[in-house]
Amino acid sequence: QVQLVESGGGLVQAGGSLSLSCAASGRLFSDYYMGWFRQAPKKEREFVAAIRWDIRSTYYADSVKGRFTISRDNAKNTVYLQMNTLKPEDTAVYYCAATDSSPLNPNYDYWGQGTQVTVSS
């Protein structure tokens, strides 16, 4: 069992930056791919980024590539999402998730409660 708790969301102006954190508790954190997803109002949840358990591979949605960076610290059981050059269309609830299968398959095993990110124009 893995429990995930996100933090770091908030309100920022377009062009600004925010950093999200996801603290994981439970066993086997270091064996899981960790991912970030987001869901905007009236839209489906979408993949944002993921990172392999050993940090050797990262994956990004085209819409955030070059602006967002995912990282993790297995010693701290924490995954991060650094978001730069934010745009109003990045506004969404951001979710942290964990899976022990493919990181690009949206059916992750564990999910956090989400944190709101709002980007004003």
Side-chain angles (χ1 to χ4, degrees):
Q1 189 77 10
V2 176
Q3 294 80 41
L4 306 172
V5 179
E6 303 96 334
S7 61
L11 173 65
V12 64
Q13 288 189 332
S17 299
L18 276 177
S19 181
L20 305 182
S21 298
C22 173
S25 59
R27 62 193 296 267
L28 303 178
F29 171 80
S30 60
D31 292 344
Y32 282 77
Y33 284 93
M34 298 299 298
W36 287 96
F37 290 76
R38 66 186 182 186
Q39 187 167 20
K42 301 182 181 180
K43 292 188 176 181
E44 292 189 356
R45 186 172 59 199
E46 64 174 358
F47 170 80
V48 175
I51 186 167
R52 183 180 148 113
W53 64 272
D54 61 359
I55 317 179
R56 290 185 178 181
S57 298
T58 55
Y59 310 83
Y60 294 96
D62 288 342
S63 58
V64 306
K65 203 171 292 184
R67 298 188 298 122
F68 291 11
T69 302
I70 189 170
S71 60
R72 67 190 291 171
D73 185 337
N74 287 340
K76 296 182 178 180
N77 282 5
T78 302
V79 62
Y80 306 95
L81 185 68
Q82 177 64 41
M83 306 183 293
N84 298 327
T85 319
L86 283 160
K87 304 175 181 180
E89 51 264 44
D90 294 318
T91 295
V93 176
Y94 283 70
Y95 297 91
C96 174
T99 183
D100 61 359
S101 60
S102 170
L104 300 182
N105 183 332
N107 298 319
Y108 276 48
D109 301 299
Y110 303 101
W111 294 86
Q113 83 288 350
T115 186
Q116 177 71 46
V117 171
T118 303
V119 184
S120 63
S121 57

Q. So, Lys65 and Asp62, do they make that salt bridge, N to O below 4.0 Å?
A.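 Looking at Lys65 and Asp62, the cut-off is met.
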Give a yes or no answer on whether the side chain of [X] reaches the backbone of [Y] with a donor-acceptor pair at less than 3.5 Å.
X	Y	value
Tyr108	Trp36	no
Arg72	Arg52	yes
Glu6	Gly114	yes

Can you measure from [atom1] ([X]) to [atom2] ([Y]) and round to the nearest 0.5 angstrom?
X	Y	atom1	atom2	result
Asp109	Thr99	CG	OG1	4.5 Å
Lys87	Ser121	NZ	OG	14.0 Å
Asn77	Tyr32	CG	OH	12.0 Å
Thr58	Tyr33	OG1	OH	11.0 Å
Ser19	Met83	OG	CE	7.5 Å
Trp53	Asp100	CH2	CG	13.0 Å

Write down the atom of [X], the atom of [Y], and the distance for their closest heavy-atom approach.
X	Y	value
Gly8	Leu18	O-CD2, 3.9 Å
Ala49	Leu81	CB-CD1, 4.3 Å
Ala14	Pro88	CB-CD, 4.1 Å
Ala98	Met34	CB-SD, 3.6 Å
Asp90	Arg38	OD1-NH1, 2.9 Å
Leu4	Cys96	CD1-O, 3.7 Å

Q: Kindly indicate whether the side chain of Tyr80, heavy atoms from C-beta on, has any atom under 4.5 Å from the side chain of Asp73.
A: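 Of all side-chain heavy-atom pairs linking Asp73 with Tyr80, at least one is under 4.5 Å.
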Q | Side-chain heavy atoms of Leu20 within contact of Thr115, under 4.5 Å | A |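 Yes, close enough: below the 4.5 Å cut-off.
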Q: Using the six-membered ring wherever Trp is involved, compare the ring planes of Phe47 and Phe37 and label them parallel, tilted or perpendicular (cut-offs 30° and 60°).
A: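 Answer is perpendicular, since the angle exceeds 60°.
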**Q.** Residue that, paired with Thr91, satisfies side-chain contact (heavy atoms from CB on, under 4.5 Å) out of Val119, Val117, Val12
**A.**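 Running side-chain contact (heavy atoms from CB on, under 4.5 Å) over Val119, Val117, Val12 with Thr91 returns exactly one hit, Val119.
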Q.
Please tell me whether Val5 and Ile51 are part of a single hydrophobic cluster in this structure, the criterion being side-chain heavy atoms less than 4.5 Å apart.
A.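 Result: no, two separate clusters.
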